[in-house]
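To keep things clear, I will list the structure first and then write my remarks on it.
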2 protein chains.
Amino acid sequence: MLAKRNCIIRLSRYKSVLYRLRDLGFVRVFSDNLGDAIGVTASQVRKDFSVFGITGNRKGGYEVSHLIDRLNGILGKNRVEKVIIVGAGHLAYALMHYGGFEKEGIKIEAAFDIDPSKYNREAPVPVLPVEEMKEFVSSRNIKVCVLAVPEVAAQRAADGIFAAGIKGILNFTSMMLKAPDDCSVNNVNLEVELENLIYFVNLLGQEKKKGALPSP
Amino acid sequence: MLAKRNCIIRLSRYKSVLYRLRDLGFVRVFSDNLGDAIGVTASQVRKDFSVFGITGNRKGGYEVSHLIDRLNGILGKNRVEKVIIVGAGHLAYALMHYGGFEKEGIKIEAAFDIDPSKYNREAPVPVLPVEEMKEFVSSRNIKVCVLAVPEVAAQRAADGIFAAGIKGILNFTSMMLKAPDDCSVNNVNLEVELENLIYFVNLLGQEKKKGALPSP
DNA sequence: TAGATTGTTAATCGATTAACAATC
DNA sequence: TAGATTGTTAATCGATTAACAATC
């Protein structure tokens, strides 16, 4: 399952490019173009499509709108996906005010916190006490959650989230969460990402100084 | 180079676990334990260490403090890494107020924006006009930048950032940036991450209903 | 038709894992 | 010593790429 993660991420990226192409008035696109746009080979593009039974037109390439529909179908974007946030800190605030989710059919329904000073039932995205999470989630059949609490509270919060019936967590904490078998966790760790970037920046800097590539 | 990305990310995760172990008073650790902690095999752990010449003690495992030092050395964490943010929106605000960077030796020096109403030279992390970025970056020898501007401004902003001498961008926009050969871009795309999570949640949901795994 | 692009198979490549001798 | 764990090599696995027949 992890195996396919990269493939699914590529599908998302193809889709993102296709939306832009459609806005520009493009009707057809070739595997070559799509590969260039997201930085993979044309073979990779055709292979990815082939895996999911997406076919184009020998000679004519792929039809942009049709491709978007197919990708949305595969990615389950045919309906609005409801999401909650646990932990109403700065990051949650940024996510609640981020405009990019709506166009992707992602709706943030509420945020939850343990701090009463954060509660706000009147806001466009209400901030509610965690005690209300389970009822909120089950009555609305919500399956996905963003976890943005302090590190020390992460696993305990996750346990409560899974107990409430959530099946997938987008985890912004630096804890590697333990999760039930039928649940998914995707980790987004800003320290790790920055650390990684710093490593490669330093590496490229050293290569430059040495004037040669490091041994493989 | 992309090839090694996953390996370097594992090193960051090992390090994160090791800090916690050290806080708990652990002195030694086995490849088995580390593998369990971040969800990889013991072989993978030893292989990762072997690649970078990290050795332990046959029988005695690895010494926690020594391992932390070695990993910090490899990841370039022996000195504080200075970082700027371009785009002073909600996400930048969250990053500026995030406490997790300091302990990782990452210091956010300033944020830059084109909107005068955002400027604030007195804040702990000042918000400055983009016109001052180039001078700021070169005088302080800053190499890494977080990009958090609206999508439409992304490539143009990136061009300016690279022109200012930055070598690595952590890109929060959904544009795939074009970058010079000697520069790195790491993408963190929240829509893509959520979309990915939703895909796997739906997939697991369907498996459950069918009571069987889908064909491979 | 001739030319160009897909769809798919086979070849390649690289990363992960297993196995085991070395050794503490 | 006997037992356990490393370090490393070889085997496996999976993902990417190249190639090319099918075909629009």
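Only this structure's heavy atoms are used, side chains among them; waters, hydrogens and symmetry mates stay out. So that the names make sense, note that chain A is the first sequence line, chain B the second, and so on, each numbered from 1.
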task: Whole angstrom is fine here: how far is it from NZ in K4(B) over to P in dA15(C)?
output: 9 Å
Secondary structure string for DNA chain D (Watson-Crick or G-U under 3.5 angstrom, | for other-strand pairs): ..||||||||||||||||||||||
Any donor-acceptor N/O pair, N171(B) side chain to T173(B) backbone, under 3.5 Å: yes
message: Do the side chains of E191(B) and R13(A) get close enough for a salt bridge, i.e. N-O under 4.0 angstrom?
response: no
Working for side-chain hydrogen bond (donor to acceptor under 3.5 Å, both in side chains), residues Q155(A) and D159(A): CA-CA 6 Å; Q155(A) 184 64 55; D159(A) 294 342; 2.8 Å; yes
message: Rounded at 0.5 Å granularity, tell me how far OG in S12(B) sits from CD1 in I74(B).
response: 10.5 Å
- prompt: Which pairs, with at least one residue in residues 71-83 of chain A and sequence neighbours excluded, count as a salt bridge (charged side-chain N to carboxylate O under 4.0 Å, His left out)?
  reply: K77(A)-E104(A), K77(A)-E195(B), R79(A)-E81(A)
message: In this structure, how many angstroms lie between the P atom of dA15(C) and the CG atom of N6(A), rounded?
response: 12 Å
task: Indicate whether OP1 or OP2 belonging to dG7(C) is found under 4.0 Å from a side-chain N or O atom of Y62(A).
output: yes
task: Could you verify whether a donor N or O on one side chain and an acceptor N or O on the other, from Q206(A) and N202(A), lie under 3.5 Å apart?
output: no
statement: So, with a heavy-atom separation below 4.0 Å from DNA chain C, the residues of residues 8-21 of chain B are R10(B)
- prompt: Residues from residues 37-47 of chain A sitting under 4.0 Å of DNA chain C, heavy atoms only?
  reply: R46(A), K47(A)
message: If I take atom CZ in residue R5(B) and atom C1' in nucleotide dT16(D), what distance separates them, rounded to the nearest angstrom?
response: 18 Å
- request: Report yes or no: does N33(B) contribute a side-chain atom to a donor-acceptor pair with the main-chain N or O of F30(B) at less than 3.5 Å?
  value: yes
- line: CD1 (I8(B)) and CG (L11(B)) are apart, to the nearest 0.5 Å, by 5.0 Å
task: Measure from CZ on R58(B) to P on dT23(C) and round the result to the nearest Å.
output: 6 Å
message: Donor-acceptor pair, distance only, cut-off 3.5 Å: does the side chain of R70(B) make one with the backbone of F52(B)?
response: yes
message: What's G56(B) touching, base or sugar-phosphate or nothing? Going by heavy atoms closer than 4.0 Å.
response: sugar-phosphate
message: Rounded to the nearest 0.5 Å, what separates atom CG in N189(A) from atom CD1 in I9(B)?
response: 9.5 Å
- prompt: Hey, mind stepping through Y93(B) and Y93(A) against ring-ring contact (aromatic ring centres under 6.0 Å, His included) and telling me if it holds?
  reply: CA-CA 10 Å; Y93(B) 189 80; Y93(A) 189 80; 7.8 Å; no
message: Within residues 28-36 of chain A, which residues have any heavy atom lying less than 4.0 Å from an atom of DNA chain D?
response: none
- prompt: For G61(B), which contact category applies under a 4.0 Å heavy-atom criterion: base, sugar-phosphate, or nothing?
  reply: sugar-phosphate
Rounded distance (Å) that lies between atom C1' of dT8(C) and atom CG of D48(A): 14 Å
task: Sort and list the pairs that fulfil salt bridge (charged side-chain N to carboxylate O under 4.0 Å, His left out) and have at least one residue in residues 18-28 of chain A, not counting sequence neighbours.
output: R20(A)-E151(B)
message: Rounded to whole Å, how long is the line connecting atom CD of E63(B) with atom P of dT6(D)?
response: 14 Å
- prompt: Looking at the rings of F49(B) and Y62(B), which for Trp means the six-membered one, are their centres under 6.0 Å apart?
  reply: yes
message: Between C1' on dT5(C) and NZ on K59(A), what's the gap in Å once rounded to a whole number?
response: 7 Å
message: side-chain hydrogen bond (donor to acceptor under 3.5 Å, both in side chains) for N57(A) and K59(A)? Distances and angles first, verdict last.
response: CA-CA 6 Å; N57(A) 215 302; K59(A) 167 69 182 154; over 6 Å; no
